[in-house]
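Below, chain A is the first sequence line, B the second, and so on; all start at residue 1.
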Amino acid sequence: MDFIFLVFNSFTLLLDPFNLTYVILGFVIGTVFAAIPGLTATLAMALLLPVTYTLSVETALMACASIYMAGMCGGSITAITINIPGAPSSMMTALDGYPMQQQGKGALALGHAALGSMIGGAVGALLLIAVAPFVAEVSLLVKTTGKFSLLAFAIIVVVIAQRGQIAQAGLAACIGLMLATVGLDAMEPITRFTYGYSNLTAGIDLMPVIIGTFAIAEVLTQAVASNDISAFAAAADKVKIRRRDFLPPLSDIRKIGFGCYIKSCLIGYFVGTLPGAGGSMGSFLAYTEAVRTSSEPETFGKGNPKGIAASESANNAVCGGAMVPMLTFGIPGDPITAIMLGVLVINGIQPGPQLMTAQAPLIAPMLATLLFSAVVLIPLTLYLLGPYFIKIVSVRKDVLYAVIALLAVVGSYVATYSTFQMFMALGMGVLAFYLRRNGFPVITMLLGYILGPNLEEFLRRSLALSNGDPTTFVTNPDSLFFVLLTLVFVYFLVIRKPTKNPTVSTGM
Amino acid sequence: MLLNRPLVFLYVILAVSVGYLISALNLGAPISESGLTPSFFPILVGGAAIFFCSILILQKLRAEPEKFQSDVPRNYTHIWVVVAIFFYILGFKPMGYFISSGLFVFALIVLFSSFEKLLQKAAISAVIVVIAYVMFQQLFGVRLPTLWG
């Protein structure tokens, strides 16, 4: 209960003009990046990472939270108006949003998307605030062997969740684990894989890994992409949006139903807690459920606002869900929470149960911002900037990518004032670019890199405590729980083939 | 076909994984009397990487050879971007932030567009570099290298 009061007290920090500026700036940047096809809020967050060195932890995390929330709803703007989802999580929104736009109800569709995002973001944040302290208490029960099994569970689930690409995902995770082993060993004073290069003794820094993987790799990807923005710009020019049309009528909201919003929020929230699932899976499952339970399923895909409401409520509720394993166990659910984890680590904060107690004042403002972004910034941004946001897609690609490259390369210099980090970022960018180009999911590489050190340490500690007996992983109840959970996921994701739902077709 | 672009990438990853495993084995025995040694985990990871890599190479070799689209012009812009970043980093400290960044941003704008309206692009580059300088140095207090120290 103390934690909940602390979060609500943290709203006073939002009254500080400095913090509020970063929160609003973060939200606008997140929306812009999510709205431009090809760019993502993850990229915005990666570019923000170097800046966090100069900010207080609270302010940095508050800005991250607002970017995260904006990233989930910003993609709906182009998804609805020109049928090009700005972010993968808005794919399902386009199914009903774009037909509404064609029927001349684009502004109303944007209003429904904003309302869904608002409810989803708020419910997700409230659940996070209520649930996280209990999860943190439960996590105290997880001892060394259990921690190893939990981390192994997270990596295995992220790998097997990449259906049809399990070998690629496995290899990417191994590459991440390899990167994590470079430098000084955690338990013995031995350097590994440094090849006599002193800059590598402390290991590969998180900053160049994130900037390379998300920013430089994106610039390289766009350099080979043939997408011409003139088509987007022409489509955007035809779109006319009036503010007065944004507000969804009460009859529409009643027709969608309170139950649909809440059910979609819960689906999104629980999907968010799973490692590697992300907003796109949340919105897909919520949309499927909305179609399944609807009395008129044939209207979906033809401009039914319920489809937009389900999809947007779910993908914004994912924000709250994904933070639960990140804050309580240090396991990021998606790339954005991985970068948030980076902000914590850079500032010397170790996620875990103690984070919700001893260091709760640092975390509480972030959760307050998540709620504030959902309830205040989503509708406010839509009302003030909605009619103009669609013009974002007309931005000059050459200038945009030159700016991103400059911020990325200079940003990687900030941490240590050394050009070595810049070369590392370039190297990671080239690696991530070729991984992406060959169909490797880079999130598994990032997760391997982030979880690798703890995975190795807990493995060695567990076996040292049990005198080398590997059965310790099934004889300890906490570890056995995660081993069984892993087997359940393997059964459902690998052994048992998924059944196709004939009523839902993405058409994309 | 034993050599196509995805396969070459996998061969490179395989070679790196084998090199990693050999380096891990050189760290010493994976298990000692006191328990697992620093080489145990890297040996495990290196072995897993080689396993996954071998599966992917076999899958590619068994798969139908993809039809090569000879009429699609190859785009090498990404390589030029990598070269530009490389030389930018090399010149960052000796040339200072302004000159190196100005040239870098101008080069990228040209790479992402065309070799036209160069004066306009140079002016845009200068504006971007100055704004980024103000943002890093003045707003965030980051000390950037300049020729005047």
Side-chain angles (χ1 to χ4, degrees), chain A residues 50-51 53-55 167-168 170-171 173-175 177-178 181 185 187-188 190 192-193 195 216 219-226 396-403 405-407 409-411 413-414 417 419 422-423 426 429-430 433-435 437-439 448 452 455-456 459-460 463-464 467-468, chain B residues 5-6 9-10 13 16-17 20 23-24 27 31 34-42 45-46 48-49 51-53 55-56 59 75-78 80-82 84-86 88-90 92-93 97 101 104-106 108-113 121 124-125 128-129 132 136 139-144:
Chain A
V51 174
Y53 274 94
T54 59
L55 300 175
Q168 281 100 326
L171 183 54
C174 288
I175 293 171
L177 291 168
M178 285 182 193
T181 56
D185 180 58
M187 295 171 75
E188 289 178 34
I190 293 173
R192 300 182 294 184
F193 311 106
Y195 304 103
I216 293 178
V219 172
L220 297 179
T221 304
Q222 293 302 326
V224 284
S226 56
R396 276 180 62 166
K397 189 182 164 186
D398 53 351
V399 175
L400 181 71
Y401 290 111
V403 170
L406 179 73
L407 294 179
V409 181
V410 178
Y413 171 80
V414 170
Y417 291 103
T419 48
M422 297 162 99
F423 280 117
L426 175 61
V430 172
F433 166 72
Y434 280 105
L435 285 174
R437 207 177 183 196
N438 289 285
L455 187 75
E456 180 182 8
L459 171 68
R460 285 164 68 180
L463 290 175
N467 294 318
Chain B
R5 269 194 277 181
F9 178 72
L10 287 172
I13 297 288
V16 172
S17 304
Y20 177 87
S23 299
L27 288 169
I31 300 168
S34 57
L36 301 184
T37 68
S39 70
F40 181 85
F41 191 71
V45 173
F51 171 72
F52 283 122
C53 218
I55 289 177
L56 287 168
Q59 279 178 354
N75 185 349
Y76 293 106
T77 315
H78 61 296
W80 288 114
V81 172
V82 172
I85 297 175
F86 182 82
Y88 173 48
I89 299 169
L90 274 187
F92 190 67
K93 276 190 171 171
Y97 166 80
S101 302
F104 174 63
V105 172
F106 178 71
L108 281 202
I109 290 179
V110 171
L111 280 172
F112 274 101
S113 56
K121 285 171 185 171
I124 292 171
S125 307
I128 291 170
V129 168
F136 277 110
L139 244 63
F140 303 130
V142 175
R143 193 165 33 84
L144 294 170

Against chain A, label [X] side chain, backbone, both or neither, depending on which of its atoms sit under 4.5 Å from a heavy atom there.
{"X": "B:Ala24", "result": "both"}
{"X": "B:Phe40", "result": "side chain"}
{"X": "B:Ala132", "result": "side chain"}
{"X": "B:Leu90", "result": "both"}
{"X": "B:Tyr88", "result": "side chain"}

Of all the heavy-atom pairs spanning [X] and [Y], show the shortest one and how long it is.
{"X": "B:Pro38", "Y": "A:Glu456", "value": "O-OE2, 4.1 Å"}
{"X": "A:Leu171", "Y": "B:Ala49", "value": "CD1-O, 3.4 Å"}
{"X": "A:Gly170", "Y": "B:Phe52", "value": "C-CD1, 3.6 Å"}

Pick whichever of [options] has the most heavy-atom pairs under 4.5 Å with chain A.
{"options": "B:Ser23, B:Ser17, B:Gly35", "answer": "B:Ser23"}
{"options": "B:Val81, B:Ile55, B:Val129, B:Thr37", "answer": "B:Thr37"}
{"options": "B:Thr77, B:Val45, B:Ile89, B:Ile31", "answer": "B:Ile89"}
{"options": "B:Gly46, B:Ser125, B:Cys53, B:Ser39", "answer": "B:Cys53"}

Quiz prompt | Non-hydrogen side-chain atoms of A:Leu177 and B:Phe41 separated by less than 4.5 Å | solution = yes
Exercise. Please indicate whether B:Phe86 has more than 12 foreign heavy atoms, meaning atoms of other residues, nucleotides or ligands, lying under 6.0 Å from its CZ.
Key: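 Open.
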How long is the straight-line distance from [atom2] of [Y] back to [atom1] of [X], given to the nearest 0.5 Å?
{"X": "A:Asn438", "Y": "B:Phe9", "atom1": "CG", "atom2": "CZ", "value": "5.0 Å"}
{"X": "B:Ile85", "Y": "A:Leu220", "atom1": "CD1", "atom2": "CG", "value": "5.5 Å"}
{"X": "A:Met422", "Y": "B:Lys93", "atom1": "CE", "atom2": "NZ", "value": "9.0 Å"}

Exercise. Begin with the C-alpha distance, continue with both residues' side-chain angles, and end with the deciding distance and a verdict on side chain to side chain contact (heavy atoms under 4.5 Å, CB included) for A:Leu400 and B:Phe112.
Key: CA-CA 10 Å; A:Leu400 181 71; B:Phe112 274 101; over 6 Å; no
Exercise. Look at the aromatic rings of B:Tyr20 and A:Phe193 and report parallel, tilted or perpendicular, splitting at 30° and 60°.
Key: parallel
Quiz item: Can any side-chain N or O of A:Tyr401 pair as donor or acceptor with the backbone N or O of B:Leu108 at less than 3.5 Å?
Solution: no
Quiz item: Of all residues at least two apart in sequence or in a different chain, which pass the salt bridge (Lys or Arg N to Asp or Glu O under 4.0 Å) check with A:Asp398?
Solution: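 Salt bridge (Lys or Arg N to Asp or Glu O under 4.0 Å) check on A:Asp398 returns A:Arg396.
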